[in-house]
Amino acid sequence: MSNIDLSFAESEFKFVLEALIEMEEKMAKICDTSDDEDEIADVGNDLIEVRLLLKPMKEKAVKAFGSNILNFSREAF
C-alpha cells in the first residue's frame with residue numbers, strides 16, 4: 001500500500017473533517033432507514049472505513065488545533 005503525507009492549515013483541515021463527518025452521518029442514516037439489504041451492506045462497509053479514517057483524524061486534529069476544530073457552526077459569536 002502506498003502512502004501520501006499532506007500538510008493542512010487549520011482552516012483547510014476543518015473543511016476536510018466537516019465533509020467526512022457529513023458523509024458519515026449520511027451513510028449512517030442510509031443504514032438506519034433503507035429497506036434494501038444490499039444497499040445497507042455496501043454503505044455499511046463504506047461507513048466502517050469512513051469511521052476508521054475519521055476517528056484518528058479527529059484525535060490528531062484536536063491535539064494539533066484544539067477542540068474548536070470540531071465546531072462547524074456558521075453562527076456569529
Side-chain angles (χ1 to χ4, degrees):
M1 174 166 66
S2 298
N3 290 319
I4 187 169
D5 292 322
L6 301 172
S7 180
F8 291 95
E10 179 178 356
S11 59
E12 296 166 331
F13 201 71
K14 194 168 189 135
F15 285 123
V16 173
L17 282 175
E18 185 176 18
L20 285 171
I21 289 169
E22 185 177 315
M23 178 185 288
E24 177 193 26
E25 290 169 354
K26 286 180 181 180
M27 293 171 127
K29 185 174 181 179
I30 290 169
C31 290
D32 290 341
T33 61
S34 180
D35 294 328
D36 184 336
E37 292 181 16
D38 291 332
E39 179 182 43
I40 293 170
D42 289 341
V43 174
N45 288 334
D46 290 342
L47 178 58
I48 290 168
E49 293 293 326
V50 168
R51 287 178 172 164
L52 288 172
L53 170 66
L54 189 54
K55 184 178 178 187
M57 287 180 74
K58 281 180 176 178
E59 291 170 357
K60 289 176 184 177
V62 168
K63 186 175 181 180
F65 302 118
S67 61
N68 198 43
I69 190 79
L70 299 175
N71 178 1
F72 306 116
S73 173
R74 302 283 193 289
E75 294 181 24
F77 295 100

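I30 and L52 fall into different hydrophobic clusters, where Ile, Leu, Val, Met, Phe, Trp and Tyr residues are linked whenever their side-chain heavy atoms come under 4.5 Å apart, directly or through other members. When hydrophobic clusters are built by joining Ile, Leu, Val, Met, Phe, Trp and Tyr residues whose side-chain heavy atoms come closer than 4.5 Å, directly or via intermediates, V62 is grouped together with F8. Note on M57: it does not cluster hydrophobically with V50, by side-chain heavy-atom contacts below 4.5 Å among ILVMFWY residues. L20 and L47 fall into different hydrophobic clusters, where Ile, Leu, Val, Met, Phe, Trp and Tyr side chains are chained together by heavy-atom contacts under 4.5 Å.
Within the model, atoms CG of D32 and CD1 of I40 stand 9.0 Å from one another, a figure rounded to the nearest 0.5 Å. Atoms CE and CZ, from M27 and R51 in turn, are 9.5 Å apart once rounded to the nearest 0.5 Å. Taking CD1 of I21 as the start and NZ of K26 as the end, the distance is 13.5 Å to the nearest 0.5 Å. Distance check, rounded to the nearest 0.5 Å: CD of E18 to CG of L70 gives 11.0 Å. With rounding to the nearest 0.5 Å, the separation of CD1 in I48 from CG in L53 is 14.0 Å. In this structure, CD in E10 is found 7.5 Å from CG in N68, a value given to the nearest 0.5 Å.
Here the shortest heavy-atom pairing between F65 and A9 reads CZ-C, 4.3 Å. Taking all atoms of both residues into account, the shortest heavy-atom contact from S34 to E39 is OG-OE1, 2.5 Å.
Using a cutoff of 4.0 Å between basic side-chain nitrogens and carboxylate oxygens, K29 and E25 are not scored as salt-bridged.
Atom CZ of F72 has more than 12 heavy atoms from other residues, nucleotides or ligands within 6.0 Å. The 12-atom threshold is not exceeded at CD of E37, counting heavy atoms of other residues, nucleotides or ligands nearer than 6.0 Å.
Using a 4.5 Å heavy-atom threshold, the side chains of L54 and L17 count as touching.
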